[in-house]
Protein chains: 2
Amino acid sequence: MARKSLVGVVADELLDRIIAGEFPAGSSVPGELELSAKHEVSRMTVREAMKTLEAQRILSVERGRGTFVNPLNRWASLEAVLRAASEGQNEAAASVQLIELRRMLETGACELAAARISDTDVQALFVHVAAMRAAHEVNDVAAFVEADLAFHDLILRASENVFVAVLFAPLHRVLEKRRAETSAVPAIQEHAIGHHQNIAEALESRDPSRSREAMDLHMQQTLDDLKNLVLEAP
Amino acid sequence: MARKSLVGVVADELLDRIIAGEFPAGSSVPGELELSAKHEVSRMTVREAMKTLEAQRILSVERGRGTFVNPLNRWASLEAVLRAASEGQNEAAASVQLIELRRMLETGACELAAARISDTDVQALFVHVAAMRAAHEVNDVAAFVEADLAFHDLILRASENVFVAVLFAPLHRVLEKRRAETSAVPAIQEHAIGHHQNIAEALESRDPSRSREAMDLHMQQTLDDLKNLVLEAP
DNA sequence: TAGCTGTAAGATGTCTGACATCTAACATTT
DNA sequence: AAATGTTAGATGTCAGACATCTTACAGCTA
């Protein structure tokens with residue numbers, strides 16, 4: 001076990017203490033010497049851990065003065081913010097906000113893609129929908145999820161906007177676990193197939209607002225599914 | 001001069017070489033010893049520089065093997081991706097894509113805010129619009145920009161979605177310079193005042209789709225302004 | 001007294017050299 | 001041919017030292 005490097009462990013533990021509220025925004029974290037004593041590592045290891053948090057704009061290091069915690073809205077790491085926002089009973093609210101964010105990016109990308117997608121990519125979309133249908137009939141959840149992801153990735157790329165893809169990548173990592181859960185429900189699979197079919201047809205028509213609307217309906221359904229799941233969970 | 005630390009300098013130079021294509025995605029960068037020789041710094045300095053790039057998912061370090069460049073779509077730093085996307089003649093295209101991204105986030109946040117914004121925040125929006133109008137009449141560009149930014153920040157916060165704010169922060173830094181330029185044109189100021197008035201009224205009505213539409217028109221105008229500026233520049 | 005200055009403490013920045021551990025390729029042995 | 005040992009090269013970690021910056025405070029001066 002313990003596949004992580006010491007630097008990663010120290011950085012994680014320090015981030016945990018920050019998220020737990022031990023060091024509020026604007027306050028300073030313990031000095032490098034103090035931390036190296038507490039974690040029983042060398043000062044260089046602590047420094048490298050700090051550097052990783054500084055690169056994510058979680059900490060600000062000021063030479064001669066100390067190291068300070070930045071306010072949450074300046075953090076550059078979606079994952080770190082997610083950890084902080086999921087503290088206590090806020091996990092459900094954080095999940096909803098993530099879907100809201102995904103909805104903005106995917107509907108926006110879909111609208112852009114309508115004017116830019118190639119004919120071959122449109123055909124590929126229908127192929128993915130067909131794959132979803134086939135996987136649904138033989139109850140192959142893994143294949144269903146794979147086709148689903150490929151469908152959305154294709155639209156992302158077709159939007160020809162690099163920054164959307166960059167912002168979406170961490171979202172992808174965070175959401176894929178939950179997507180596998182919801183995709184296991186047959187009824188949800190059927191809904192999803194219909195939505196994907198509509199999206200593909202809208203993109204084929206090259207109508208931006210119709211494409212955006214089709215994707216928006218899909219996102220709305222995903223949000224509803226999540227809310228039902230979260231509400232059911234004890 | 002040279003206010004930056006050695007670590008920052010080394011990290012910047014290494015990132016420049018990566019962006020210049022010297023080390024394509026998937027290939028390895030020189031070893032720590034080789035880099036410390038080339039930059040005439042110690043190995044520890046190189047290591048800390050690497051750690052900052054690793055924290056931004058620009059590099060992947062594999063113990064015993066080496067350090068490798070990640071593909072652009074896995075980079076977690078919007079600024080770094082922007083630098084890479086602005087290479088050569090792509091600066092105009094990158095600017096347009098940034099506005100497209102901003103449009104997604106701001107229209108999405110505005111739609112959410114419509115259902116969540118408080119009465120006092122709505123009043124504050126009108127105050128900001130009034131401040132923009134006053135600044136416009138006395139030709140105070142700085143005050144105009146400040147009220148403009150406060151207006152948008154308020155909507156961001158009213159959306160009550162932490163993640164939107166997090167993703168928007170780097171965009172803010174990148175775009176504020178250009179916004180100061182466009183806001184210096186009186187005609188553009190007048191357009192902006194009208195748009196902001198419409199947005200505030202839409203939010204006051206608590207109608208999500210109307211609010212989204214109002215913000216979308218504003219973003220569309222901003223995009224047009226940018227295109228005109230970029231096209232005029234030699 | 002008001003203001004400047006030097007000193008000291010504590011923090012981060014950097015360097016040097018060493019050893020540990022992992023990986024991959026090659027050589028050796030069975 | 002397969003398993004094993006060796007070695008080179010890479011990153012991971014450590015220890016101690018010195019440099020430099022910030023701040024506070026005591027002491028000196030006008």
Side-chain angles (χ1 to χ4, degrees), chain A residues 1-18 22-70 74-76, chain B residues 1-15 17-18 22-71 74-76:
Chain A
M1 293 302 161
R3 309 247 346 106
K4 239 179 189 167
S5 65
L6 271 184
V7 172
V9 172
V10 173
D12 262 5
E13 290 184 14
L14 184 54
L15 180 54
D16 277 339
R17 293 172 69 185
I18 294 173
E22 190 170 345
F23 314 113
S27 69
S28 67
V29 299
E32 298 169 348
L33 270 177
E34 187 175 337
L35 284 177
S36 69
K38 166 160 298 198
H39 294 274
E40 294 182 340
V41 297
S42 77
R43 191 183 152 220
M44 296 311 305
T45 301
V46 171
R47 277 184 62 79
E48 292 190 6
M50 297 262 222
K51 266 279 180 297
T52 69
L53 297 183
E54 188 192 11
Q56 300 174 223
R57 298 186 198 278
I58 295 170
L59 296 178
S60 281
V61 182
E62 297 181 27
R63 178 173 185 178
R65 295 199 25 177
T67 304
F68 304 86
V69 179
N70 289 330
R74 285 194 197 156
W75 294 14
Chain B
M1 290 303 160
R3 310 245 345 106
K4 238 178 191 172
S5 65
L6 271 184
V7 172
V9 172
V10 173
D12 262 5
E13 290 184 12
L14 185 54
L15 180 55
R17 293 172 70 185
I18 293 173
E22 191 170 344
F23 313 114
S27 70
S28 67
V29 300
E32 296 169 350
L33 271 177
E34 186 175 340
L35 283 177
S36 70
K38 166 160 294 194
H39 293 273
E40 293 182 341
V41 296
S42 75
R43 191 183 149 219
M44 298 310 303
T45 301
V46 172
R47 278 186 62 81
E48 292 191 7
M50 298 264 223
K51 265 280 181 295
T52 70
L53 297 183
E54 188 192 9
Q56 300 174 258
R57 298 185 197 278
I58 294 170
L59 296 178
S60 281
V61 181
E62 297 181 27
R63 178 172 186 179
R65 295 198 32 187
T67 304
F68 303 86
V69 180
N70 288 329
R74 283 194 198 155
W75 293 14

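To find a chain, count down the sequence lines: A is the first, B the second, and so on, and within it residues start at 1. Note that the structure is a prediction, hence the values are computed from the model and not measured. Computation of the quantities below employed the complete heavy-atom set of this structure, encompassing side-chain atoms and omitting hydrogens, waters and symmetry-equivalent molecules.
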Engineer: The side chain of A:Arg47 is closest to which nucleotide in this list: D:dC14, D:dT22, C:dG13?
Structural biologist: C:dG13
Engineer: Would you call B:Lys51-B:Glu54 a salt bridge at under 4.0 Å N-O?
Structural biologist: yes
Engineer: Rounded off to whole Å, could you give me the CZ-to-P distance for the B:Phe68 and C:dT23 pair?
Structural biologist: 12 Å
Engineer: C:dC15 phosphate, OP1 or OP2: any side-chain N/O from B:Thr45 under 4.0 angstrom?
Structural biologist: yes
Engineer: Of all the nucleotides listed (D:dG12, D:dC14, C:dG13), which has the minimum atom distance to the side chain of A:Lys51?
Structural biologist: C:dG13
Engineer: Atom NZ of B:Lys4 to atom P of C:dT14: distance rounded to whole Å?
Structural biologist: 12 Å
Engineer: What are the two closest heavy atoms between A:Phe68 and A:Gly26, and how far apart are they?
Structural biologist: CD2-O, 3.8 Å
Engineer: The side chain of A:Arg63 is closest to which nucleotide in this list: D:dT13, C:dC22, C:dT12?
Structural biologist: C:dT12
Engineer: Rounded to the Å, how far apart are A:Glu40 CD and D:dA15 C1'?
Structural biologist: 16 Å
Engineer: Minimum heavy-atom separation for A:Met50 to A:Pro30, with atom names?
Structural biologist: CE-O, 4.0 Å
Engineer: Please report, rounded to the nearest Å, how far the C1' atom of C:dT16 is from the CE atom of A:Met44.
Structural biologist: 11 Å
Engineer: Could you state the CG-P distance from A:Leu35 to D:dC14, rounded to the nearest angstrom?
Structural biologist: 14 Å
Engineer: Examine the base of C:dT14 for any acceptor or donor lying under 3.5 Å from a partner atom in the side chain of A:Arg43, and report the outcome as yes or no.
Structural biologist: yes
Engineer: Can you measure A:Leu33 atom CG to C:dT12 atom P for me and round it to whole angstrom units?
Structural biologist: 8 Å
Engineer: Is any side-chain N or O of A:Arg65 closer than 4.0 Å to OP1 or OP2 of D:dC21?
Structural biologist: no
Engineer: Closest to the A:Ser42 side chain: D:dA15, C:dG13, D:dT11?
Structural biologist: D:dA15
Engineer: Between A:Ala11 and A:Thr52, which heavy-atom pair has the shortest distance, and what is it?
Structural biologist: CB-OG1, 3.7 Å
Engineer: I need the CD-P distance between A:Glu48 and C:dC15, as an integer number of Å.
Structural biologist: 14 Å
Engineer: If you check every side-chain atom of B:Ser5, which of C:dG13, D:dC14, C:dT21 has the closest atom?
Structural biologist: C:dG13
Engineer: Any idea which of C:dG13, C:dC15, D:dG12 is nearest the A:Glu32 side chain?
Structural biologist: C:dG13
Engineer: Quickly work out the B:Leu6 CG to C:dT12 P distance and round it to whole Å.
Structural biologist: 18 Å
Engineer: Reading DNA chain D from 5' onward, which residue's closest nucleotide shows up sooner: A:Gly64 or A:Gly8?
Structural biologist: A:Gly8
Engineer: Compare every heavy atom of B:Pro71 with every heavy atom of B:Ala25, then report the nearest pair and how far apart it is.
Structural biologist: CB-CA, 3.7 Å
